[in-house]
Amino acid sequence: MIKNLSSRNTPPVRTLVYTRRSKAGAALPIDGADDSGWVLDENLRCDGWSWVMGAKPGVAKFTYVTLTGEDASFEVGLNKYTLDDQIKVTLLPIEDELAEADPQDPANARTVFIGVLARPTIDVQADGQREAERTPPTAFAMPQLEDTLSCHLIKGRWVYTGDDTDPLRVIETPSFPAVFNPGVPNMHAQPKLKSANNELLSAHAFTYDTDPAGEWWTYRTAIAALLTVFYFGVANDARGELPYWCDILNALVDELNKGITGETIARPDEYVGLDARLPEIDVTGMGALSALERVCMVGGFGLYIEPLTKAEADADFLQRPYVIRINRRGAGDVKYFDLDKRGTTYATAEQTTRRNRINKIVGQRDGTSIVNEVYGRGRLFLEDVFDLKPLWKPTDIAATPIDDLAKEMPLEPAADSYWSRHVKGGAQFDTYQHVGRRWGLVGEGDFDGGYTTPDDYVHDTDGFNWRAHLGLAFENNPINAARRAAGVTDEVYFMKRPRKALPLRAPLWRRQNTRFMLFISEDGGDNYTYLPIKFAVLEEYFGLMLAIKDLSEVNIDTFSRDVAAKDVARSWWGLIDSGDLRVRLGCAVEPDVAARYDAKRQASSGSTYARGQLMVLPKHEEVWTRPNHNLPAYMNWVRDFGYGTVDASGEQANVTTGVQEAAERRRDKLEDAAFPVTATTFIMDMDQWRLGDRIASIRGRDVSLAVNAGRASVYPNVVGLHVSLGSGSATSNQSIRIDLDVPSFVGGGN
């Protein structure tokens, strides 16, 4: 605290503004290692600056001041600067009783803002009001511009191409989008992404989505990769590595490398959750800083970019004059707003400001937006093989006897003959092509094909019984048992409605690019052969349509040994007539009871009432498959992935993900009461506040800023610092506005 206060007015804090033209062809807007070229610009007066959380951290505003003897026309000031001019604001030592440095020595000044002039304003009126003409420019901090530079645009995923001797071992390819964990693990198992100039950070590259050795991205590995790409570029990239450095908070580097070195850090609470698995996050086309902000936001971390005084850094190491911090939101230093006791009187307004340290506090505790119960609903897919049945009527089949079939189509096939109806090119083929080719299942029971034999050709008039086929009626089937273990008491049901055969979704099939599997039996179902032939799935029924020109010329040998069926009776047309042809389809089906998890209210919530929200998660799915279809269904279900598993191998794990994780993340984000606060504080407290700090209470008043009743340590975070230099002759005309927001502990939700 400031001591020995006098009644005199303290001179206002002073700033110096420097400008310089950007260098032609510069890769970065400002090269902090080269401090030459800056010129003190006495025409520009800094009115104030702001630093906020996120990828667009800073903005500064200026006033163009005409010096004595200069042309006062507004266009003189407007034409003096270009949009790419660089600007730097330095703060002279604060002149109070604690200042030890000589305030008159510019060498003691420190940089508080560095950026690019990007928004000059023209405020012009008629000649009679020329004294009101002005051209106030606005500048944006360098990181905001740098995030848009082409060298930092994520054009695709960075992938590992070969062994360590490969001169292009890591490249950026636009062939694959930069999507973290797109339902499958796509991180290269080894940390191959390193800077040729500095291996302080060791990061991972992407791999292809169906790589069996791929691993899941965590917040730790994704942040490390984005930092490496942003700071250092891709090592040995054909574009050439970016030779520009930026300061990284040492604690962050230590924590990111902890997984490799096994070391611990002093403040582990700042990085809780780094090893949690990322949900699917697409950063394609984003600037590297914006991508970093998105990952941090979803994970509940804060991204803080602050100016770094050049004197504090090694010039040989630093080329970007700012520092990036990342830590868990809600884990910053705890601080307080101070007010003197009520009834205290002061001789001057400045003494009032200095003794109270806070001029004004405006806030509102708000519970109207609390959501403390989230009902997550995803999708459930069951993969199995299904015995399909004819989707045609016997009366649709031409009456021509099989023995009368010639091996070639007549020039003019008779109407209603086999050739006219059932061979592609026949006059009636468009009407009867479904015969022998369209196979499926009817879930709603509204199709009776008319077959009485064999049994496998007869549809159930009550609709196909999905639960019986899949073994879900058995009490001990693994699917319902897993749902009960997750707190879901209702079983999996299917309503009677049209259904579509869906592509296989388990990672094994995705890696093999297998969407469906077709099996054919020519002996009444005793033996089946897998045939990779062309077919289309149906829209109106659960089934398929074979793409075969003439069924009388094909059988299994046709596709496996490339020979035509010689005997019509042994062709698929003949086997349909005899009832020996069977068709099975391996695919996925979606029940009407999806994967779900109810994230219930916690005692830490800001409201005693259970305030619910439905959360539909179409990308969060659970997939069960039955690889050994000869066993009873209730004995053979295996969960490939979904909530309850963490990898694509099908092995059960104790870590919950998917629907449960998403629902809990949304609840944890929204369960607190909102308490947005804005405070105006003393300009001399320039160094007291930092982005990410937590404000616990208003000391001198019995007011806690805790955002809920259950966790007293949950306080609003400092997310914005806005310095106003004002005008006048005293520091009482200058101030700092502090913006607080509610912390987000587990992530941004979906």
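We use all heavy atoms of the structure for the numbers below, so side chains are in, but hydrogens, waters and symmetry mates are not.
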Give the intermediate values and the outcome of side-chain contact (heavy atoms from CB on, under 4.5 Å) for residues Lys335 and Trp689.
-> CA-CA 8 Å; Lys335 296 182 180 177; Trp689 310 102; 4.0 Å; yes
Does the side chain of [X] reach to within under 4.5 Å of the side chain of [Y], using non-hydrogen atoms?
{"X": "Arg611", "Y": "Ser605", "answer": "no"}
{"X": "Asp41", "Y": "Ile87", "answer": "no"}
{"X": "Arg690", "Y": "Asp333", "answer": "no"}
{"X": "Val718", "Y": "Leu740", "answer": "yes"}
{"X": "Ile154", "Y": "Leu226", "answer": "yes"}
{"X": "Tyr271", "Y": "Asn327", "answer": "yes"}
{"X": "Arg377", "Y": "Leu614", "answer": "yes"}
{"X": "Ile695", "Y": "Tyr715", "answer": "no"}

Rounded to the nearest 0.5 Å, how far does [atom2] of [Y] lie from [atom1] of [X]?
{"X": "Ile361", "Y": "Leu705", "atom1": "CD1", "atom2": "CG", "result": "7.5 Å"}
{"X": "Leu725", "Y": "Thr15", "atom1": "CG", "atom2": "OG1", "result": "5.5 Å"}
{"X": "Glu42", "Y": "Leu16", "atom1": "CD", "atom2": "CG", "result": "9.0 Å"}
{"X": "Thr63", "Y": "Asp47", "atom1": "OG1", "atom2": "CG", "result": "3.5 Å"}
{"X": "Leu92", "Y": "Arg14", "atom1": "CG", "atom2": "CZ", "result": "5.0 Å"}
{"X": "Thr678", "Y": "Ile738", "atom1": "OG1", "atom2": "CD1", "result": "9.5 Å"}

Write down the atom of [X], the atom of [Y], and the distance for their closest heavy-atom approach.
{"X": "Ala139", "Y": "Phe62", "result": "CB-CE1, 3.8 Å"}
{"X": "Thr138", "Y": "Lys61", "result": "OG1-CG, 4.1 Å"}
{"X": "Ala118", "Y": "Leu83", "result": "O-CD2, 3.8 Å"}
{"X": "Phe301", "Y": "Val272", "result": "CZ-O, 3.5 Å"}
{"X": "Gly612", "Y": "Tyr375", "result": "CA-CE1, 3.9 Å"}
{"X": "Leu691", "Y": "Gly720", "result": "CD2-N, 3.7 Å"}

So does Arg701 have more than 12 non-hydrogen atoms from other groups sitting under 6.0 Å from CZ?
->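 Counting neighbours around CZ of Arg701, more than 12 heavy atoms of other residues, nucleotides or ligands fall under 6.0 Å, so yes.
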Side-chain donor/acceptor of [X] to backbone N/O of [Y], under 3.5 Å:
{"X": "Asp85", "Y": "Thr82", "result": "yes"}
{"X": "Glu373", "Y": "Arg601", "result": "yes"}
{"X": "Arg667", "Y": "Gln602", "result": "no"}
{"X": "Arg277", "Y": "Tyr219", "result": "no"}
{"X": "Arg737", "Y": "His722", "result": "no"}
{"X": "Arg329", "Y": "Gly302", "result": "no"}

Electrostatic pair Asp84-Arg20, nearest N-O below 4.0 angstrom =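 Salt bridge: no.
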Who passes salt bridge (charged side-chain N to carboxylate O under 4.0 Å, His left out) against Lys56, sequence neighbours left out?
-> none
Quick one: do Tyr304 and Trp51 satisfy side-chain contact (heavy atoms from CB on, under 4.5 Å)? Show the steps, please.
-> CA-CA 9 Å; Tyr304 309 106; Trp51 288 99; over 6 Å; no
Asp693 and Gln688 side chains, donor-acceptor separation under 3.5 Å |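 Asp693 and Gln688 do not have a side-chain donor-acceptor pair below 3.5 Å.
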Could you list the donor-acceptor pairs under 3.5 angstrom formed between side-chain atoms of residues 289-298 and any protein atom two or more places apart in sequence or on another chain?
residue	atom	partner	partner atom	Å
Ser290	OG	Asp147	OD2	2.5
Glu293	OE1	Ala55	N	3.4
Arg294	NH1	Asp282	O	2.7

On the 0 to 90° scale, with breaks at 30° and 60°, tag the Phe180-Trp217 ring pair as parallel, tilted or perpendicular.
-> perpendicular
Any idea how Tyr64 and Tyr81 line up, ring-wise: parallel (<30°), tilted (30 to 60°), or perpendicular (>60°)?
->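 The arrangement is perpendicular - the two ring planes meet at more than 60°.
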Carefully, step by step, assess Ile370 and Tyr609 under the rule side-chain contact (heavy atoms from CB on, under 4.5 Å).
-> CA-CA 10 Å; Ile370 290 177; Tyr609 298 103; over 6 Å; no
Please test Thr681 against Phe337 for side-chain contact (heavy atoms from CB on, under 4.5 Å), starting from the C-alpha separation and ending with a verdict.
-> CA-CA 9 Å; Thr681 186; Phe337 289 152; over 6 Å; no
